[in-house]
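In each ligand, atom 1 is the first atom listed, and ligand 1 is the first ligand listed. Predicted, not measured: the structure shown is a model, and the values here were computed from it.
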Amino acid sequence: MKIAVANGDGIGPEIMAAVLKIFAAAQVPLEYEFVDMGKWVFDKGFSNGMTPEAQRSIESLGLLFKGPMETPKGKGVKSINVTARKTWNTFANKRVFQTLHGVNTVFSKAGIPIDITVVRENIEDTYGGIEHMLTHDVALSRRFITRPGSMQVIKYAFEMARQKKARRISCGHKANIMKLTDGLFLDCFYEVAKDYPDLKADDIIVDDLCMKLVTRPDLFDVVVLTNLQGDIVSDLCAGLVGGLGFAPSANIGDHISIFEAVHGTAPDIAGKNIANPTALLLSGISMLLHVGLTENAGIIENALLYTLESGVHTGDFGDKSKPSVNTTEFADAIISNLGKKPALNAKTVTPNKPGTPTPFKLAQNAMMFSQDNQDVDITGVDMFIDSHEQPMAIAAKCQRHAGVKFKLVNISNRGTQVWPTGSVYTNLVNVYNVRFESLDGGALNQQDVMGLYISLSGNFKICSLEILNAWGGKKSYSLAQGQ
Ligand code: NAI
């Protein structure tokens, strides 16, 4: 089986060399095709950080093992890491955090074992990076949470939890505040849960989750979250088990999967051969398991655990009274321990069952949708206008534009209602949301909305608008605070 390998930037080439050396010593039956991706490819003028040949190789091989890559600072350049995950629809980011014997943490010292798998949605949310300056003062980010996208990652999380015989699967969210976006994700979670009655499924508000993770991490098993919350929670979990040097990550898609460490390029230690290759090695082990090379994965993981247990450590962790080893020496220690088993948490080694390589040529982009938009009515429109005026003055002007189709319902500023009722203690910025709904409650059409837009634009600069919909008669938009 052939896979694509990208060394990455900073410490990437050093830790990748260490891991591939261990793979070679363990006779992992993989061939590697090295591809050009990363900061140095940006610097050569490839605006997405990879060459067309690299893209072709990865799309035909279906598996990418990558080192960390630097995102050039400054506006206009997107992260190659995020681009890769999104372009190839690696919708589930799986990160496993386990107590490693020999890596001292507050919890290992207290005898509290940790075995948490975080599954983070990998495509949507604020990571869409769809952002606009509406005025000099006001920036807007659009946060897409979709039903098919949520179902895809949540189904993956449940299936993985069942396979690992998890005690519990929890959905972390903020649906108490973001009722429609996080609420949709949470609805999908419980919809999928119905198909897994053998698993204890529950949900927890993300701030409470963070508090409980740092006090009782042993209570959690599999946790699934939206993208940004998942990013933060998974770094928090990395801290629980000893830091970024021990945090592996798998980006799973239907056709292409990417395996990488959670950490970045560590520019402060790059080129010194002192980086800890454990996180990349753990990511590589999870890649071997993914392709059915269970025997190689088990042998390498046992050798790693044995090495950690025996106190061998790079400079970033371990017993400081013992001298640390460099990256190459650490890899060599693991190689010399191939075939040995750790005293604690030894992995069962089962014969390899390599799967068939997954990739096949797709003829067109897959469209994901759950059902057609039936029974949907336009009930109104939110107009986001640029104004320094007071709410009463804005309301008076807007009412004149409402015409025979619309009525002005309310005005809010940063999500807080300021008209028809409100408080003078609410501070304002220069973007108001002016909400119009149908005057007689009947359905509207897009021409009605455009008519209102044209009329209102005579008085205000309209920065943005959002059509208000009702599905099956149920209003599908949020209320303003205080409405
Ligand atoms: P970082 O993870 O590279 O470094 C944070 C700290 O952890 C540094 O002190 C570093 O020396 C240490 N560290 C990280 N990995 C280590 C290892 N294997 N062994 C020993 N110490 C290690 O995060 P930072 O500095 O915020 O980002 C640097 C660059 O990496 C940025 O350009 C960023 O965009 C990129 N990055 C790339 C990622 C990826 O490729 N998936 C993920 C995160 C950041």
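- Rounded to the nearest 0.5 angstrom, Ser336 OG and Glu329 CD are separated by 11.5 Å.
- The ligand atoms of ligand 1 that sit less than 4.0 angstrom from a heavy atom of Asp316 are 20 (C).
- Ion pairing of Arg147 with Asp187 is absent here, as no side-chain N (NZ or NE/NH1/NH2) approaches a carboxylate O to less than 4.0 Å.
- Ion pairing between a basic and an acidic side chain is recognised when a charged N comes within 4.0 Å of a carboxylate O; Asp207 and Lys212 show no such pairing.
- Contacts between Thr265 and ligand 1 below 4.0 angstrom, taking non-hydrogen atoms only, involve backbone and side chain alike.
- Considering backbone and side-chain N/O of Glu70, none are found under 3.5 Å from N/O of ligand 1.
- Of the protein's non-hydrogen atoms, Met69 O, 3.2 Å is the one closest to atom 37 (C) of ligand 1.
- Remark: atom 26 (O) of ligand 1 lies closer than 4.0 Å to no protein heavy atom.
- With ligand atoms numbered from 1 in the order given, ligand 1 contributes 40 (O) to contacts under 4.0 Å with heavy atoms of Pro68.
- Around atom NZ of Lys155, no more than 12 heavy atoms belonging to other residues, nucleotides or ligands sit under 6.0 Å away.
- Ligand 1 has at least one atom lying under 4.0 Å from a heavy atom of Pro267.
- For atom 15 (N) of ligand 1, the closest heavy atom belonging to the protein is His263 CG, 3.2 Å.
- Ligand 1 has a nitrogen or oxygen under 3.5 angstrom from a nitrogen or oxygen of Ala266.
- Ion pairing between a basic and an acidic side chain is recognised when a charged N comes within 4.0 Å of a carboxylate O; Asp332 and Lys21 show such pairing.
- Atom 41 (N) of ligand 1 has as its closest protein heavy atom Glu260 OE1, 3.2 Å.
- Checked against the 6.0 Å centroid criterion, the rings of Phe259 and Phe65 do not qualify as a close aromatic pair.
- Residue contacts with ligand 1 include Arg85, since one or more of its heavy atoms lies under 4.0 Å from the ligand.
- Counting heavy atoms from C-beta on, the side chains of Ile3 and Leu64 never come closer than 4.5 Å.
- Scanning the protein heavy atoms around atom 7 (O) of ligand 1, the nearest turns out to be Leu244 CD1, 4.6 Å.
- Annotation: Phe317 is in aromatic contact with Phe246 [ring centroid separation under 6.0 Å].
- With Asn89 contributing its side chain and Phe91 its backbone, the two residues share no donor-acceptor pair below 3.5 Å.
- The side chain of Ile269, and not its backbone, has at least one atom closer than 4.0 Å to an atom of ligand 1 (non-hydrogen atoms only; side chain from C-beta on).
- For atom 5 (C) of ligand 1, the nearest protein heavy atom is 4.0 Å or more away.
- The distance from ligand 1 to the heavy atoms of Asn276 drops below 4.0 Å at these ligand atoms: 17 (C), 18 (N), 19 (N), 20 (C).
- Using a 4.0 Å heavy-atom cutoff, Val262 is listed among the residues neighbouring ligand 1.
- Between Asp221 and Arg167 there is a salt bridge, since at least one side-chain N of the basic residue sits less than 4.0 Å from a carboxylate O of the acidic one.
- Of the candidates Asp202, Asp218, Asp115, Asp202 is the only one forming a salt bridge (charged side-chain N to carboxylate O under 4.0 Å, His left out) with Arg168.
- In this structure, Arg120 forms a cation-pi arrangement with Tyr127, its terminal cationic atom sitting closer than 6.0 Å to the ring centre and no more than 45° off the ring axis.
- Asp268 OD2, 3.0 Å is the protein heavy atom nearest to atom 9 (O) of ligand 1.
- For ligand 1, one of its N or O atoms has an N or O atom of Gly264 under 3.5 Å away.
- Taking 4.0 Å as the cut-off, Lys66 counts as a neighbour of ligand 1 on heavy-atom distance.
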